[in-house]
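Working notes, structure below.
Quick note on labels: first sequence line is chain A, next is B, and so on, each numbered from 1.
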Amino acid sequence: MESGDLTDASEQLQPPRNEPQTETELLARCSVIAGMTLGELAKLAKVKIPKDFKRHKGWAGQLIELWLGAEAGSKPTQDFQHLGIELKTIPVDYQGMPLETTYVCYCPLQGLQGLNWLNSNVFNKLQRVLWLPVQGNRDIAPADRIIGNGFLWSPNANQINVLRNDWEELMEAIVLGNVAQITARMGDALHLRPKAASGQITAEATGDSGTLIQTRPRGFYLRKSFTQQILQQQFGTF
DNA sequence: CCGTGATCATGG
DNA sequence: CCATGATCACGG
């Protein structure tokens, strides 16, 4: 190919410069990237592609954010707050099954007066989620992993009940000073796990008899069995 | 084999 | 340190 042929920059697909103004626009952006690989999206956006995710664990999610027009950052709010939508990329295997649990949000350990399910960060984020499956098998290089079809989801009445029960059980234990006794085995759909840069990081919490203790920061995660049901609802049984 | 507990990068 | 984006990797 001679230089100058088919290289007009205006012909090149580029990441959007703004956040989507409507749900329709957001879904249209999903359609654009569906079927493409992470490598193609990275190259078009001039983003360096890691060989693996050992030291780039959030790379795919951040690349998707870029292509959907989500603001980067670490705000404890929905990704598309004006649309009331949270974005979650989810790594799936060749059968479309989740390969990992899904992080929801940080878990507050102090200042819990007045906190309830309906005003919780968990409920806020899970009210409406844009799920975007991405191939995640480790035998596929990051650059070759294909983006799936994103879809909007809201929990049905039964799913809300399960989530609320888990959340209330976990938060009650924290309020009662039992955070140190919580393990990731608690919770049917939603569970609690350490969430920090290392095991040395600490956060304040309430311990036995109301004493102040130092514990590992925790985050809420969705079990694979729960997200698997969501994917099955959308795409059918496997 | 798989889930739990640990860890990595980044921005504020 | 908090909170986001998550995946890694070891022990049961």
For [X], answer base if it contacts any base atom (sugar-phosphate contacts may also be present), sugar-phosphate if it contacts only those atoms, and nothing otherwise; contact means non-hydrogen atoms under 4.0 Å.
| X | answer |
| --- | --- |
| A:Glu204 | nothing |
| A:Lys195 | base |
| A:Tyr221 | base |
| A:Gly61 | sugar-phosphate |
| A:Asp79 | sugar-phosphate |
| A:Ala196 | base |

**Prompt:** Below 3.5 Å, does any donor atom in the side chain of A:Lys57 face an acceptor in the base of B:dT7, or the other way round?
**Reply:**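 Such a pair exists between side chain and base.
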**Request:** Record whether the side chain of A:Tyr103 comes under 3.5 Å of the base of C:dA3 through a donor-acceptor pair of N or O atoms.
**Result:**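 It does not, because no donor-acceptor pair links the side chain of A:Tyr103 to the base of C:dA3 below 3.5 Å.
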Among [options], which is the nearest nucleotide to the side chain of [X]?
| X | options | result |
| --- | --- | --- |
| A:Tyr106 | C:dC2, B:dT7, C:dA6 | C:dC2 |
| A:His191 | B:dT7, B:dT4, C:dA6 | B:dT4 |
| A:Pro76 | C:dA6, C:dA3, C:dC8 | C:dA3 |
| A:Thr101 | B:dT4, C:dA9, B:dG5 | B:dT4 |
| A:Arg193 | B:dA6, C:dA9, C:dG5 | B:dA6 |
| A:Thr89 | C:dA6, C:dT7, C:dA9 | C:dA6 |

Return the value, rounded to whole Å, for the distance between atom [atom1] of [X] and atom [atom2] of [N].
| X | N | atom1 | atom2 | value |
| --- | --- | --- | --- | --- |
| A:Leu99 | C:dA9 | CG | P | 15 Å |
| A:Asn137 | C:dC8 | CG | P | 11 Å |
| A:Glu65 | B:dA9 | CD | P | 18 Å |
| A:Lys51 | B:dC8 | NZ | P | 21 Å |
| A:Trp59 | B:dT10 | CH2 | P | 14 Å |
| A:Lys75 | B:dG12 | NZ | P | 9 Å |
| A:Arg218 | C:dC1 | CZ | C1' | 16 Å |
| A:Ile182 | B:dT4 | CD1 | C1' | 15 Å |

**Request:** Report the residue from A:Asn149, A:Leu87, A:Ile230, A:Thr89 that forms a side chain to side chain contact (heavy atoms under 4.5 Å, CB included) with A:Trp131.
**Result:** A:Ile230
**Option passing side-chain hydrogen bond (donor to acceptor under 3.5 Å, both in side chains) with A:Thr101 (candidates A:Lys224, A:His191, A:Arg193)** = A:Arg193
**Asked** Hey, are A:Arg128 and A:Glu23 close enough for a salt bridge, meaning a charged N less than 4.0 Å from a carboxylate O?
**Response** yes
**Item:** Heavy-atom closest contact (A:Leu132 atom, A:Gly148 atom, distance)
**Value:**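 Reported closest heavy-atom pair: CD1-O, 3.4 Å.
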Tell me whether the side-chain N/O atoms of [X] come closer than 4.0 Å to OP1 or OP2 in [N].
| X | N | answer |
| --- | --- | --- |
| A:Arg138 | C:dC8 | yes |
| A:Lys224 | B:dG3 | yes |
| A:Arg185 | B:dG5 | yes |

**Fill in**
Contacts of A:Glu100 and A:Gly58 projected onto DNA chain B by closest heavy atom; the upstream (5') one is A:Glu100
**Item:** Quiz item: cation-pi between A:Lys195 and A:Tyr106, 6.0 Å / 45°
**Value:**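 No cation-pi geometry.
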**Message:** Assess, by modelled atom type and distance only, whether the side chains of A:Gln81 and A:Glu19 contain a donor and an acceptor separated by less than 3.5 Å.
**Reply:** no
